[in-house]
Amino acid sequence: MKIYKFGGASVKDAEGVRNVLKVLEANGHGSKVIVISAMGKITNALEEVVNAYLSTGKYTEALQPVKEFHLNILQQLFPKKEEPVYAKVKNYFEELENFIQHNRSQQYDYVYDQVVIYGELLSTTIVSEFLTAEGYGNDWLDARNCIKTDSTYRDAQVQWQETQAAIINLVNRDHVTITQGFIGTDSNNFSTTLGREGSDYTAGIFAYCLNADSVTIWKDVPGVLNADPRVFEKPRLLEQISYEEAIELAFYGASVIHPKTLQPLQRKEIPLYVRSFLNPEKDGTAVRKGQPISPRIPCFIVKKNQVLISLSALDFSFIMEENISHIFSLFHKYQIKVDLIQNSAISFSVCVDNKFNNLEKLINQLKATFRVTYNTGVSLYTIRHFDDAAIRELEKDKKILLKQTTRETVQIIATP
């Protein structure tokens with residue numbers, strides 16, 4: 001059994017859906033679970049629906065482009081409007097609007113998860129129906145019946161025992177299964193999501209639970225590159241890397257692989273391949289146990305829109321374990337992700353990701369105990385396997401706010 005994952009870029013339009021069929025046919029009809037994300041930028045569009053609904057109570061104007069986007073793809077893939085897929089897509093939109101109209105919660109994270117999950121439900125339904133129409137048989141599976149989580153909306157934690165039992169029970173190993181990335185359900189049967197880019201993680205979960213032979217993530221890049229081509233010039237392909245190296249790159253923010261994806265794969269030594277859906281004949285990058293990075297070159301990663309917070313005690317006392325414990329309890333309380341830490345006797349600096357927009361609440365609490373300064377909109381640059389030339393090139397024309405170096409990694413917080 002193999003696990004394939006296709007991201008939003010691979011199904012961003014009708015031609016993309018047709019290309020998925022080409023990729024699958026080129027790789028045979030063997031037993032597979034195919035995990036698919038929402039089409040194109042639909043998750044972002046559904047976020048706008050949530051924002052409009054919670055801020056004004058009106059959502060129809062924001063939802064209309066989402067409807068038109070999917071209808072346009074349907075019309076290109078299914079010229080006959082009596083095809084059952086039209087009714088299925090219509091039913092999803094009716095379900096979504098019914099939830100909004102009857103919802104009484106103003107909790108953003110909860111509402112977010114109940115709305116954005118429709119992006120994946122719509123995309124997988126359209127792809128599944130298209131593959132069936134073209135003779136590529138498959139079973140459509142609602143991932144919410146498989147991925148069981150806690151109720152941490154927008155960043156749900158997997159309940160592994162329940163999830164594995166459900167997956168083993170519901171996946172037919174003799175067929176091709178189409179399912180959704182990113183989504184699950186909690187014990188109250190409310191929809192949850194695994195965090196942005198969580199579809200890779202879903203592929204890892206299915207692979208772990210099914211003891212899969214491999215996972216292949218199909219991307220619009222040749223594989224894992226040593227730098228993001230949207231930020232850095234002339235990135236190079238990494239032909240092979242170890243699980244450990246991939247986890248390090250993912251932790252520091254490499255966008256090709258979701259940070260949580262590799263952990264279940266590593267536990268069962270399931271190889272991961274990152275390949276291009278634009279050039280499916282290419283090998284891409286192989287991620288396996290113990291293999292050295294090849295070629296061994298500096299790898300550049302950037303996280304933008306970070307926050308650098310610097311703290312010192314109001315009475316100039318030492319920043320000791322008790323202070324640090326209190327600081328991290330606040331980070332946990334406000335769901336602030338820490339990316340870098342540096343401290344001295346009387347100061348403590350930390351670079352964080354304000355993903356859940358709780359920075360103001362955090363700062364107000366910190367000011368009760370510490371002297372606080374902070375910079376928003378900074379970038380955190382990381383170089384793995386650095387050399388002097390790589391550091392000089394990265395630092396050029398930037399204002400360096402903080403720099404930290406270890407044996408294999410240098411991290412720099414800077415503004416342009």
| task | Over 60° means perpendicular and under 30° means parallel, so classify the ring planes of Phe328 and Phe348, tilted if in between. | result | perpendicular
Between the CZ atom in Phe370 and the NE2 atom in His326, the distance rounded to the nearest 0.5 Å is 5.5 Å
Practice problem: Compare all side-chain heavy atoms of Ile412 with those of Leu380 and state whether any distance is below 4.5 angstrom. | Solution: no
| Between Lys398 and Glu395, does at least one N-O distance fall below 4.0 Å, as a salt bridge requires? | no
Quiz item: cation-pi between Lys361 and Tyr334, 6.0 Å / 45°: no
Stepwise side-chain contact (heavy atoms from CB on, under 4.5 Å) test for Phe206 and Ile167 | CA-CA 7 Å; Phe206 273 92; Ile167 287 175; 3.8 Å; yes
field: Residue pair Asp150 / Thr152, side-chain donor-acceptor N/O under 3.5 Å
entry: yes
Does either side chain, that of Ser312 or that of Ser347, offer a donor lying less than 3.5 Å from an acceptor on the other one?
no
Answer yes or no: is there an ion pair linking Asp200 with Lys5, defined by an N-O contact shorter than 4.0 Å? yes
Under the side-chain contact (heavy atoms from CB on, under 4.5 Å) rule, what do Leu77 and Val17 come out as? Steps first, then yes or no, please.
-> CA-CA 9 Å; Leu77 295 176; Val17 176; 3.8 Å; yes
Quick check: are there more than 12 heavy atoms from other residues, nucleotides or ligands sitting under 6.0 Å from CG of Asn145? yes
Residues pairing under salt bridge (Lys or Arg N to Asp or Glu O under 4.0 Å) where one sits in residues 100-115, two or more places apart or in two chains, turn out to be Asp109-Arg154
Smallest heavy-atom separation, Glu120 atom then Ile36 atom, equals CG-O, 3.9 Å
Are side-chain heavy atoms of Leu141 and Asn172 found at a separation under 4.5 Å? no
Is it the case that over 12 heavy atoms from other parts of the model lie below 6.0 angstrom from the NZ atom of Lys303? yes
Please test Ile178 against Val35 for side-chain contact (heavy atoms from CB on, under 4.5 Å), starting from the C-alpha separation and ending with a verdict. CA-CA 6 Å; Ile178 306 288; Val35 177; over 6 Å; no
Check whether the side chains of Gln342 and Ser349 place a donor and an acceptor atom closer than 3.5 Å, and report yes or no. no
To the nearest 0.5 Å, atom CD of Glu408 lies from atom CD of Glu248 at 9.0 Å
Q.
Would you say that more than 12 heavy atoms from the other residues, nucleotides or ligands in this model lie under 6.0 Å from the CD of Gln75, or not?
A. yes
task: Show your working on salt bridge (charged side-chain N to carboxylate O under 4.0 Å, His left out) between Glu97 and Lys67 and close with a plain yes or no.
output: CA-CA 12 Å; Glu97 293 192 74; Lys67 292 181 176 180; 2.8 Å; yes
Taking every heavy atom of Asn358 against every heavy atom of Gln335, the minimum-distance pair comes out as ND2-OE1, 4.2 Å
- request: Assess the side chains of Asn103 and Tyr53: does a donor N or O sit below 3.5 Å from an acceptor N or O?
  value: yes
Exercise for review: Answer yes or no: is there a side-chain heavy-atom contact under 4.5 Å between Phe356 and Tyr108?
Suggested key: no
Query - Ion pair Asp353/Lys355, N-O distance below 4.0 Å - result: no
Heavy-atom closest pair (Leu237 atom, Gly284 atom, distance to 0.1 Å) is CD2-O, 4.1 Å
| request: Would you please say whether a donor-acceptor pair under 3.5 Å links the side chains of Asn138 and Ser128? | output: yes
Between Pro298 and Asn226, the two heavy atoms sitting closest are O-ND2, 2.9 Å
Looking at side-chain heavy atoms only, is the closest gap between Val115 and Phe99 below 4.5 Å?
-> yes
All heavy atoms of Lys304 vs all of Ser379, minimum pair found to be CG-OG, 3.8 Å
Tell me, do Thr177 and Ile34 make a side-chain contact under 4.5 Å, heavy atoms counted?
no
Can you check whether Tyr201's main-chain N or O pairs, donor with acceptor, with Thr261's side chain at less than 3.5 Å?
yes
Donor-acceptor pair between Gln411 and Thr382 side chains, under 3.5 angstrom
yes
Near Lys268 NZ, under 6.0 Å, is it more than 12 heavy atoms from other residues, nucleotides or ligands?
yes
Q. Are Glu245 and Arg384 close enough for a salt bridge, meaning some N to O gap below 4.0 Å?
A. yes
Show your reasoning for whether side-chain contact (heavy atoms from CB on, under 4.5 Å) applies to Val378 and Val307.
CA-CA 6 Å; Val378 303; Val307 183; 5.9 Å; no
ask   = Using a distance-only test with no angle check, is there a side-chain donor-acceptor pair under 3.5 angstrom linking Trp218 and Ser276?
value = no
query = Is it true that atom OH of Tyr374 has more than 12 heavy atoms of other residues, nucleotides or ligands lying nearer than 6.0 Å?
reply = no
CD1 (Ile270) and OG (Ser214) are apart, to the nearest 0.5 Å, by 9.0 Å
Report task. For Glu322, look at atom CD and say whether over 12 heavy atoms of other residues, nucleotides or ligands are found less than 6.0 Å away. Result -> no
**OP:** Salt-bridge test for Asp155 and Lys260: reply yes if a basic N is under 4.0 Å from a carboxylate O, no otherwise.
**Re:** yes
Counting only heavy atoms not in Lys337, do more than 12 fall under 6.0 Å of its NZ? yes
- Taking the side chain as every heavy atom from C-beta outward, state whether Tyr110 and Ser151 have any atom pair closer than 4.5 Å. no
Do Val171 and Leu210 have side chains that approach each other closer than 4.5 Å (heavy atoms only, starting at C-beta)?
yes
* Salt bridge Glu281-Lys22, side-chain N to carboxylate O under 4.0 Å -> no
Worksheet item: Is the centre of the Tyr112 ring less than 6.0 Å from the centre of the Tyr153 ring?
Response: no
**Request:** Compare all side-chain heavy atoms of Leu122 with those of Ile42 and state whether any distance is below 4.5 angstrom.
**Result:** no
inquiry  = Please tell me whether Ser242 and Arg288 have a donor and an acceptor in their side chains that are separated by less than 3.5 angstrom.
reply    = no
Will you find, in the side chains of Tyr243 and Gln263, an N or O donor that is under 3.5 Å from an N or O acceptor? no
CZ of Phe6 to OG1 of Thr216, rounded to nearest 0.5 Å, is 9.0 Å
### Heavy-atom neighbours of Glu233 CD exceed 12 at 6.0 Å
no
In terms of heavy-atom contacts, Gln306 and Asp339 come closest through OE1-OD2, 2.6 Å
| task | Give a yes-or-no answer on whether the side chains of Tyr59 and Gln101 include a donor-acceptor pair shorter than 3.5 Å. | result | yes
Go through Asp315 and Ser317 one step at a time and tell me if the side-chain hydrogen bond (donor to acceptor under 3.5 Å, both in side chains) criterion holds. CA-CA 5 Å; Asp315 59 0; Ser317 60; 2.7 Å; yes
Tyr381 six-ring centre to Lys396 NZ/CZ under 6.0 Å and within 45° of normal:
no
When rounded to the nearest 0.5 Å, the distance separating CZ of Phe182 from OG1 of Thr192 is 9.5 Å
Would you say Thr185 and Lys148 are linked by a side-chain donor-acceptor pair, where the criterion is simply a distance under 3.5 Å? yes
dist Thr409:OG1 -> Tyr252:OH (nearest 0.5 Å) comes out at 4.0 Å
